[in-house]
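Heads up: the structure comes next, in structure tokens.
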Amino acid sequence: MQIELSGLVVSMIILAVGLGFMGYFIGDGLKNIGNPDSEHPATNFIKEEDLPIYFSLDKEEINDLLEKHPNAPKIILNGTTYYPYKHFLNWLSSTEIYKS
């Protein structure tokens, strides 16, 4: 009888801890319900070799665009060029690149 009672207590403690974690993660997820457009900071930068994938263009087209417009928004870290996705998209859709 003693073993069954201790097993029941352990099961209830595990259940309580699980419910506590569940409540924490649901509450943490509800913090961002007011601003659904916010993105995780790690997904904001695109490597130069990944630009054709994100913008559905050929490598040659992307290279031509970047050669003609060296003022495209970019960040260079340790020799790797990163493009901020939203900045690059806004720049690409603006009239700035059509000015001679």
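Because the structure is predicted, anything quoted here is derived from the model rather than measured.
Atom CG of Asp28 and atom CG of Leu30 lie 9.0 Å apart (nearest 0.5 Å). A distance of 10.5 Å separates CG in Leu66 from CG in Asn71, rounded to the nearest 0.5 Å.
Checked against side-chain contact (heavy atoms from CB on, under 4.5 Å), Leu77 has the following partners two or more places apart in sequence or in another chain: Ile75, Tyr82. Listed by chain and number, the residues in a ring pair (Phe, Tyr, Trp, His ring centres under 6.0 Å) with Phe55 are Tyr85, Phe88 (sequence neighbours excluded). Considering only residues two or more places apart in sequence or on other chains, His69 meets the ring pair (Phe, Tyr, Trp, His ring centres under 6.0 Å) condition with Trp91. In terms of the side-chain contact (heavy atoms from CB on, under 4.5 Å) criterion, residue partners of Ile76 (sequence neighbours excluded) are, by chain and number, Thr81.
For the salt bridge (charged side-chain N to carboxylate O under 4.0 Å, His left out) condition, the pairs that include at least one residue of residues 55-64, sequence neighbours left out, are Asp64-Lys68. Among pairs with a residue in residues 74-85, none fulfils salt bridge (charged side-chain N to carboxylate O under 4.0 Å, His left out), at least two apart in sequence or across chains.
The minimum heavy-atom distance between Pro73 and Pro84, with the atom names listed, is O-CD, 3.6 Å.
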(Q) Assess the residue pair Thr80 and Phe45 against the criterion (side-chain contact (heavy atoms from CB on, under 4.5 Å)); give the C-alpha distance rounded to whole Å, side-chain angles, the decisive distance to 0.1 Å, and a yes or no. (A) CA-CA 11 Å; Thr80 306; Phe45 294 101; over 6 Å; no
Q: Please lay out, stage by stage, how Leu51 and Leu57 fare under the test side-chain contact (heavy atoms from CB on, under 4.5 Å).
A: CA-CA 8 Å; Leu51 284 176; Leu57 297 170; over 6 Å; no
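Under the 4.5 Å side-chain heavy-atom criterion for Ile, Leu, Val, Met, Phe, Trp and Tyr, Tyr54 and Ile62 are members of the same hydrophobic cluster.
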